[in-house]
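Reminder, nothing fancy here: chain letters follow the sequence lines and each chain counts from 1. Source: prediction; values computed, not measured.
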Amino acid sequence: MKIEDNIETFNSLIRRRGFIWGPSPEIYGGLAGFYSYGPAGIEIKNKILSLFRRELRAFGFVEVECPTIMPEIVWKASGHLERFIDPVLRCEKCNTLVRADKFLQENLPDQMIDGLSYEQMENLIKNNNLVCPKCESPLNKIEEYNLMLKTSVGNNVTAYLRPETATTTYLLFNRLDQDARRQYPIKVFQYGKAYRNEISPRQQVLRMRAFDQFELQLFIGKDQEMDFEEFHEIKKNKIPLLDWKLQDKKSDKPNLISLEEAIKKGVLKKPAYAYCIYLGFYLTKILGFSNEVIRFRQHSPNEKAHYADDAWDLEVKTQQFGWVEICGIHDRTDYDLKRHGEFSNQNFEVIMNSDSQIKEIPQILEIAFGPDRIIYTLLENAFEVEDGRINLKLNPNLAPNTVAVFPLVKNKENIMALALKVHKNLLMHRISSFYDAAGSIGRRYRRQDELGTPFCITIDYESLEDNTITLRDRDTMQQTRIDILKVPEILIGKLSKFTS
RNA sequence: GCGCUCGUAGUAUAGUGGUAGAAUCUCAGGUUCCCAACCUGAGGACCCGGGUUCAAUUCCCGGUGGGCGCACCA
């Protein structure tokens with residue numbers, strides 16, 4: 001079979017090799033927007049998660065985990081109930097669905113639409129004789145389209161599956177305040193599933209109805225945001241920033257400037273927010289993305305979410321879908337805590353600075369990653385076809401298998417035995433080793449290339465005599481002979497080179 | 001959600017009103033050995049439901065899933 005260097009080859013690879021399958025459940029035809037990870041895919045996800053967890057601990061973060069279902073009041077307070085339910089008009093004849101508010105604004109540009117009741121909107125439609133844009137039959141009743149998945153709990157208590165993890169973290173605020181002994185900023189993250197009832201999910205795992213979020217939160221004082229100690233440790237780092245003024249000038253070339261400069265020029269307002277930009281960048285870089293495929297894009301004022309004062313997306317360039325957001329950095333101000341304080345009758349004002357004695361509600365800065373999107377963009381960026389060889393150039397620390405062990409031939413007892421011994425020894429050192437004796441040696445190398453396995457070890461006739469093996473490098477295909485006893489040590493050494 | 005279009009082994013496909021043919025793949029055996037070699041044998045598929053028909057994977061209708069366009073993407 002001729003292997004072509006195109007996106008179709010990539011798309012079949014991620015199925016063939018067990019990275020991502022779906023829509024699930026496949027045997028029943030699938031439900032749009034739901035996908036499963038195969039053994040190779042989940043291995044990558046787990047490795048990303050443990051890398052993130054390890055790094056974040058070093059940055060002073062703690063982790064929490066909350067329920068994925070929360071009662072209605074939570075989403076009333078968070079603003080999601082209001083913002084995630086869209087008024088829509090359905091044509092009774094052709095079933096076309098249009099957003100009622102947008103439709104009205106387009107047809108009646110001079111009319112104030114914001115804030116109108118459904119009844120008022122229905123009247124506007126009637127009075128202006130507005131008709132279905134497709135089939136021109138009359139429109140009348142407004143329905144609600146709910147982007148949140150609704151369910152009921154126990155004795156008919158209305159609840160919703162969370163559309164983001166962040167809100168559930170905020171609900172722990174008074175607990176965290178105590179737990180962290182009021183040492184601000186409080187740095188906390190949560191990893192878990194979130195759900196959105198997308199009207200028409202597309203683009204594979206980039207827009208799923210059940211997806212992972214990995215969200216970092218900083219609870220921080222207003223003064224602290226402007227005078228943030230840790231900013232000074234990272235301010236010299238240059239970051240590719242595409243602010244919305246540049247976008248307004250139809251530019252898609254980000255400015256590579258230091259965070260210090262960005263603050264000085266007013267591209268970024270707050271040093272603590274700049275620190276969050278850095279943190280997002282840092283975590284992305286250690287996954288192995290190259291600088292050329294990363295940029296930060298600022299939201300235009302009308303693109304921002306209801307809670308955001310400033311918002312930048314960390315985007316990664318892909319072949320199939322263009323620039324893809326893998327992380328959003330949001331300045332949520334005190335919006336969330338203020339609302340949850342009001343709705344729950346809690347006082348979330350705290351004294352954050354012992355000098356001032358002034359009580360305030362903390363501000364929140366958020367760094368929200370979408371691990372599924374990370375995995376997709378990582379795989380697509382790693383995919384290469386070189387001379388008919390598929391090579392998945394994954395960061396060695398993220399590859400499903402760290403190493404594969406092969407006996408050169410399978411009809412020589414002692415070569416097989418020694419290969420198995422090497423494999424078991426690697427497993428004993430808790431190195432992800434994969435043993436394979438089936439097919440020619442070349443075929444086995446190719447199988448591992450498709451999985452991104454950075455190293456292959458082959459035991460040959462020479463191994464029997466002098467206790468050496470060959471270590472083959474995925475990208476260069478070069479082989480080196482090394483002492484059999486030093487194998488685990490050498491591999492660990494090679495891996496550590498990619499972590500910093 | 002609307003319109004167009006498509007849905008055949010794990011993957012990518014050929015084809016047909018009388019249930020499918022290669023390739024690759026997987027497994028077993030043989031042979032050789034350092035980059036998808038070869039030989040032998042085996043395995044595996046017509047998205048789901050209904051209709052028309054003696055007979056449907058094929059035609060029709062509905063559903064569902066994918067692609068594209070529109071809409072949507074706080």
Side-chain angles (χ1 to χ4, degrees), chain A residues 1-4 6-18 21-35 38 75 78-86 88-91 93-99 102-103 106 132-135 143 145-148 163-164 196-204 206-209 299 302-308 311 320 325 328 330 386-391 406-412 415 438-450 456-463 469-474 476-479 481:
Chain A
M1 184 167 51
K2 193 159 184 278
I3 294 167
E4 293 187 36
N6 57 31
I7 205 71
E8 285 75 26
T9 308
F10 170 76
N11 287 336
S12 76
L13 175 76
I14 63 176
R15 292 165 170 275
R16 242 175 352 102
R17 285 295 175 213
W21 291 317
S24 303
E26 288 186 285
I27 61 165
Y28 289 108
L31 190 56
F34 296 93
Y35 286 83
W75 309 113
S78 72
H80 286 91
L81 207 51
E82 199 179 321
R83 303 290 176 147
F84 267 49
I85 295 184
D86 295 329
V88 293
L89 287 159
R90 187 186 295 278
C91 171
K93 200 162 174 200
C94 72
N95 219 21
T96 289
L97 212 60
V98 292
R99 271 274 299 262
K102 292 205 170 182
F103 176 73
E106 256 165 48
C132 170
K134 266 257 151 59
C135 71
E143 300 174 23
Y145 187 86
N146 191 349
L147 230 43
M148 283 196 291
E164 62 163 19
R196 286 179 201 182
N197 194 16
E198 300 282 355
I199 293 181
S200 60
R202 275 187 203 180
Q203 304 187 315
Q204 301 168 18
L206 297 189
R207 245 173 95 199
M208 291 199 283
R209 284 175 165 146
H299 281 200
N302 54 15
E303 188 183 356
K304 278 183 301 199
H306 61 280
Y307 48 68
Q320 195 161 209
E325 175 197 355
H330 306 121
E386 305 157 337
D387 299 324
R389 174 177 80 113
I390 292 176
N391 188 17
F406 312 139
L408 183 62
V409 291
K410 65 172 170 178
N411 60 354
K412 294 283 177 293
I415 289 185
S440 76
I441 191 75
R443 176 191 298 274
R444 283 176 271 162
Y445 284 140
R446 299 303 166 88
R447 281 191 193 124
Q448 294 307 314
D449 292 342
E450 292 191 342
C456 292
I457 285 171
T458 301
I459 285 78
D460 56 15
Y461 295 99
E462 216 178 312
S463 310
I469 51 92
T470 64
L471 184 67
R472 180 250 196 196
D473 181 89
R474 179 191 66 201
T476 63
M477 299 203 287
Q478 301 271 307
Q479 295 181 35
R481 279 209 93 81

When rounded to whole Å, the CG to C1' distance for the pair A:L408 and B:U31 reads 14 Å
Out of B:C34, B:A12, B:C35, which nucleotide sits closest to the side chain of A:R446? B:C35
Give the C-alpha distance, both sets of side-chain angles, the deciding distance and a yes or no for side-chain contact (heavy atoms from CB on, under 4.5 Å) between A:N146 and A:N197. CA-CA 7 Å; A:N146 191 349; A:N197 194 16; 5.9 Å; no
Compare side-chain N and O positions of A:N411 against OP1 and OP2 of B:U32 and report whether any pair is under 4.0 Å apart. yes
Taking the C1' atom of each, how far is B:G18 from B:C72, in whole Å? 47 Å
Under 3.5 Å for both donor-acceptor distances, Watson-Crick or wobble: does B:U31 have a partner, and if so which one? none
What I'd like to find out is whether the side chain of A:K412 reaches to under 4.5 Å of the side chain of A:Y461, using heavy atoms alone. yes
Atom CD1 of A:I7 to atom C1' of B:U11: distance rounded to whole Å? 16 Å
In terms of side-chain heavy atoms of A:R443, which of B:C35, B:A37, B:G10 is nearest? B:A37
Give A:T470 one of three labels, base, sugar-phosphate or nothing, depending on what nucleic acid heavy atoms sit under 4.0 Å from its own. base
Tell me, for nucleotides 58-74 of chain B in 5' to 3' order, what letter each nucleotide earns: B for a base near a protein heavy atom under 4.0 Å, S for only sugar-phosphate near one, - for neither? ------SSSSBBBBBBB
Nearest whole Å is fine: how far is B:A12 P from A:I14 CD1? 11 Å
Determine which nucleotide pairs with B:A56, using a 3.5 Å limit on both distances of a Watson-Crick or G-U wobble pair. none
Could you give the NZ-to-P distance, from A:K410 to B:G30, as a whole number of Å? 8 Å
Could a donor-acceptor pair under 3.5 angstrom be found where the side chain of A:R472 meets the base of B:C35? yes
Separation of B:C2 atom C1' from A:L89 atom CG, nearest Å, is 15 Å
Answer with base, sugar-phosphate or nothing: what part of the nucleic acid does A:Q479 contact at a heavy-atom distance below 4.0 Å? base
Pairing partner (Watson-Crick or G-U wobble, both distances under 3.5 angstrom) of B:U26: B:A42
Check whether any side-chain heavy atom of A:R17 lies under 4.5 Å from a side-chain heavy atom of A:R447, and answer yes or no. yes
Do A:T458 and A:R444 have side-chain heavy atoms sitting under 4.5 Å apart? no
Taking the same atom, C1', in B:U19 and in B:A56, what whole-Å distance lies between them? 9 Å
Rounded C1' spacing from B:G66 to B:U16 in Å: 24 Å
Distance between P atoms of B:G10 and B:C25 (Å, rounded): 15 Å
Can you check the distance between B:G41 and B:U53, where both ends of the measurement are the C1' atom (answer in whole Å)? 41 Å
May I have the distance from A:R447 (atom CZ) to B:C25 (atom C1'), rounded to whole angstrom? 10 Å
Would you call A:E450 and A:L13 a side-chain contact if the rule is heavy atoms closer than 4.5 Å? yes
Do A:L408 and A:E462 touch side chain to side chain, with heavy atoms closer than 4.5 Å? no
Are any of A:S440's side-chain N or O atoms less than 4.0 Å away from OP1 or OP2 of B:A37? yes
Could you work out the separation of B:G15 and B:U52 based on their P atoms and round it to a whole Å? 30 Å
On a whole-Å scale, what distance lies between the C1' atoms belonging to B:G63 and B:A55? 25 Å
Rounded to whole Å, the CG-C1' distance (A:L13 to B:G10) equals 13 Å
Report the glycosidic orientation of B:U19: syn if within 90° of 0, anti in every other case. syn
Counting only Watson-Crick pairs (N1-N3 plus N6-O4 or O6-N4) and G-U wobbles (N1-O2, O6-N3), all under 3.5 Å, who is the partner of B:A71? none
Just how far, in rounded Å, is C1' of B:A36 from CD of A:E4? 16 Å
Should A:R474 and A:D449 count as side-chain neighbours, where that means a heavy-atom distance under 4.5 Å? yes
Given 3.5 Å as the limit, does a donor-acceptor pair link the side chain of A:R209 with the main chain of A:A32, or not? yes
Less than 4.5 Å apart, any side-chain heavy atom of A:F84 and any of A:R196? yes
Is there a Watson-Crick or G-U wobble partner for B:U13 with both distances under 3.5 Å, and which nucleotide is it? B:G21
Using a heavy-atom cut-off of 4.0 Å across all strands, would you classify A:D460 as base, sugar-phosphate, or nothing? base
I'd like the C1' distance from B:A22 over to B:A14, given in whole Å. 8 Å
Nearest heavy-atom contact between A:R207 and A:P201 is O-CB, 3.3 Å
Under 4.0 Å between any heavy atoms, over every strand shown, what does A:F34 touch: base, sugar-phosphate, or nothing? Just pick one. nothing
Starting from the 5' end of RNA chain B, give me the residue, A:I469 or A:S12, whose nearest nucleotide shows up first. A:S12
